[in-house]
Amino acid sequence: MMRRWLITGCNGQLGFALGRQLASYSDAEILAAVDLPEVDVSDADSVTRLFDELHSPPEVVLNAAAYTHVDRCEREPELAQRANALAPGLLAEAAARCGAQFVHVSTDYVFPGDADRPYREDDAPGPRSVYGRTKLEGEERVRSVSDRFLVVRTSWVFGRGRNFLAAILDQAQQRRRGEAEGPLRVVDDQRGRPTYAEDLAQGLRALVAADADGLVHLAGGGSVATWWELARACLDAAGFEDLGIDKLRSADLETAAPRPSYSVLDCSRADALGVSLRDWRQAVAAYLASPEAPALEAAS
Ligand SMILES: NC(=O)c1ccc[n+]([C@@H]2O[C@H](COP(=O)([O-])OP(=O)(O)OC[C@H]3O[C@@H](n4cnc5c(N)ncnc54)[C@H](OP(=O)(O)O)[C@@H]3O)[C@@H](O)[C@H]2O)c1
């Protein structure tokens with residue numbers, strides 16, 4: 001069925017992947033795909049203008065915009081609150097006014113991280129960071145606007161632009177060029193599910209096509225990973241098998257925001273809806289083969 005979409009955060013990892021996929025499928029029309037600085041979705045006038053200027057009403061409004069710099073959120077809580085909490089509420093209201101389905105993306109960081117099994121949708125959240133708290137408030141604001149919403153929590157996203165894998169590859173290349181030396185250092189005591197933005201975009205499209213609603217967890221398949229395991233898999237697949245990575249504990253790192261040590265999402269509700277993402281190790285290989293991965297210089 002053909003649907004008219006509005007996407008926010010279109011220059012981010014997820015928004016970019018989704019926009020590209022929708023543009024290549026005949027079952028979707030993109031009415032608008034917007035991002036900063038043209039459209040600030042935390043500004044009520046800007047959101048009103050965005051919807052007023054559309055040539056026809058959207059049927060699906062997907063919010064992929066967020067302030068995702070987890071440490072910076074601690075230093076800029078007002079900015080985080082506007083982008084992660086206020087904006088989803090404004091967009092949900094605008095979507096409700098034109099009868100569109102509202103799809104919002106949230107995070108595993110709404111959980112405290114002290115569980116001993118994967119988090120289900122009905123488990124109690126308990127965010128430990130400004131990012132997690134503001135994202136949870138965003139979920140609550142969306143839910144309070146209308147029953148017609150889909151909130152999809154995901155985790156550890158990599159795709160086009162700034163992300164963990166791009167940072168690891170950059171550090172590896174610095175060593176290959178002789179600009180840095182010694183092993184990399186990566187934490188090995190936080191567990192989660194790495195998720196490729198392209199796979200997440202496909203999964204979101206499938207959930208929308210299935211008319212899913214409510215709260216759904218959707219993240220990469222395969223075994224649970226630590227950041228160290230993700231970095232190791234990426235470097236091995238990218239030809240840096242010989243480069244060592246020291247295992248750190250979270251306590252060894254001074255980050256502004258605490259991270260949950262265990263934020264594994266239970267994705268069985270999405271599975272039951274027929275939507276499952278591929279094994280994250282295959283997804284890392286697909287990312288490395290994509291034009292979005294950093295260009296790698298050959299070893300000399
Ligand atoms: N990245 C992860 O590991 C991760 C994990 C779990 C959940 N999520 C969630 O998944 C969704 C997509 O994440 P992502 O990784 O694709 O994020 P991303 O790459 O940081 O993209 C977010 C986009 O939103 C834009 N944005 C920020 N504030 C805005 C505002 N006020 N108005 C309009 N646009 C604004 C950003 O612009 P600037 O770059 O200029 O700020 C950026 O282009 C988000 O809801 C995020 O919370 C992400």
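Everything numeric here is computed off the predicted structure, so don't read it as measured data. Counting starts at 1 for both ligands and their atoms, in listed order. The basis for the numbers below is simple: all heavy atoms, side chains too, and nothing from hydrogens, waters or symmetry mates.
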_Under 3.5 Å between any N/O of Asp108 and any N/O of ligand 1: does that happen in this structure?_
no

*Can you find an N/O atom of Gln13 closer than 3.5 Å to an N/O atom of ligand 1?*
yes

*Using the six-membered ring of Tyr25, assess whether NZ or CZ of Arg205 lies under 6.0 Å from its centre and within 45 degrees of the ring axis.*
yes

_With the threshold set at under 4.0 angstrom, would you say Arg162 reaches ligand 1 through any of its heavy atoms?_
yes

*Are the charged groups of Asp211 and Arg3 less than 4.0 angstrom apart, N to O?*
yes

*At under 4.0 Å between heavy atoms, which part of Thr68 makes contact with ligand 1: side chain, backbone, both or neither?*
side chain

What side-chain donor-acceptor pairs closer than 3.5 Å can you find for residues 219-230, not counting sequence neighbours?
| unit_1 | atom_1 | unit_2 | atom_2 | d |
| --- | --- | --- | --- | --- |
| Thr226 | OG1 | Asp188 | OD1 | 2.6 |
| Thr226 | OG1 | Trp228 | N | 3.3 |
| Thr226 | OG1 | Glu229 | N | 3.0 |
| Trp227 | NE1 | Gln190 | OE1 | 3.0 |
| Trp228 | NE1 | Ile245 | O | 2.8 |
| Glu229 | OE1 | Thr226 | N | 2.9 |

*asked:* Less than 4.0 angstrom from a charged side-chain N to a carboxylate O is my criterion; do Arg175 and Asp242 meet it?
replied: no

*Of the side chain and backbone of Ala64, name the one, both, or neither that has a heavy atom under 4.0 Å from an atom of ligand 1.*
backbone

*asked:* Below 4.0 Å, non-hydrogen atoms only: which portion of Ala197 touches ligand 1? Side chain, backbone, both or neither.
replied: neither

*Would you check whether Val41 has a nitrogen or oxygen atom less than 3.5 angstrom from a nitrogen or oxygen atom of ligand 1?*
yes

*Between Ser250 and Asp189, do the side chains contain an N or O donor and an N or O acceptor separated by less than 3.5 Å?*
yes

*Report the part of Ser155 (side chain from C-beta onward, or backbone N, CA, C, O) that has a heavy atom under 4.0 Å from ligand 1; answer both or neither where that applies.*
backbone

*Should one rank Gly138, Gly12, Ala66, Ala83 by closest heavy-atom distance to atom 26 (N) of ligand 1, which comes out on top?*
Ala66

_Backbone or side-chain N or O of Asp35 under 3.5 Å from ligand 1 N or O_ = yes

*For Arg49, check side chain to side chain contact (heavy atoms under 4.5 Å, CB included) against everything at least two apart and list the hits.*
Asp45, Ser46, Glu53

*When only distance counts, is Leu14 in polar contact with ligand 1, meaning an N/O pair under 3.5 Å?*
yes

_Donor + acceptor pair across side chains of Arg162, Thr68 (<3.5 Å)_ = yes

*Can any side-chain N or O of Arg148 pair as donor or acceptor with the backbone N or O of Gly99 at less than 3.5 Å?*
yes

_I want to check a possible cation-pi pair here: Arg176 against Phe240, using under 6.0 Å from ring centre and within 45° of the ring axis as the test._
yes

*Using only heavy-atom distances, determine whether the side chains of Gln21 and Glu198 contain a donor-acceptor pair under 3.5 Å.*
yes

*Got an N/O contact under 3.5 Å between Val105 and ligand 1?*
yes

*Identify the closest protein heavy atom to atom 40 (O) of ligand 1: which residue and atom is it, and at what distance?*
Leu36 CD1, 4.0 Å

*Can you tell which part of Lys135 has a heavy atom less than 4.0 Å from ligand 1: side chain, backbone, both or neither?*
side chain

*Structural part of Phe158 in contact with ligand 1, heavy atom criterion under 4.0 angstrom*: neither

_Looking at Arg133 and Glu137, is there a salt bridge between them, counting it only when a charged N and a carboxylate O are closer than 4.0 Å?_
no

*Can you list the atoms of ligand 1 that are under 4.0 Å from a heavy atom of Trp156?*
3 (O), 5 (C)

*asked:* Applying a heavy-atom cut-off of 4.0 Å, say which part of Phe164 lies close to ligand 1: side chain, backbone, both or neither.
replied: neither

*Less than 3.5 Å between some nitrogen or oxygen of Asn63 and one of ligand 1, yes or no?*
no

*Specify whether the nearest protein heavy atom to atom 17 (O) of ligand 1 is under 4.0 angstrom away.*
yes

_Tyr131 to ligand 1, any heavy atom closer than 4.0 Å_ = yes

*Specify side chain, backbone, both or neither for Val34, according to which of its non-hydrogen atoms lie closer than 4.0 Å to ligand 1.*
neither

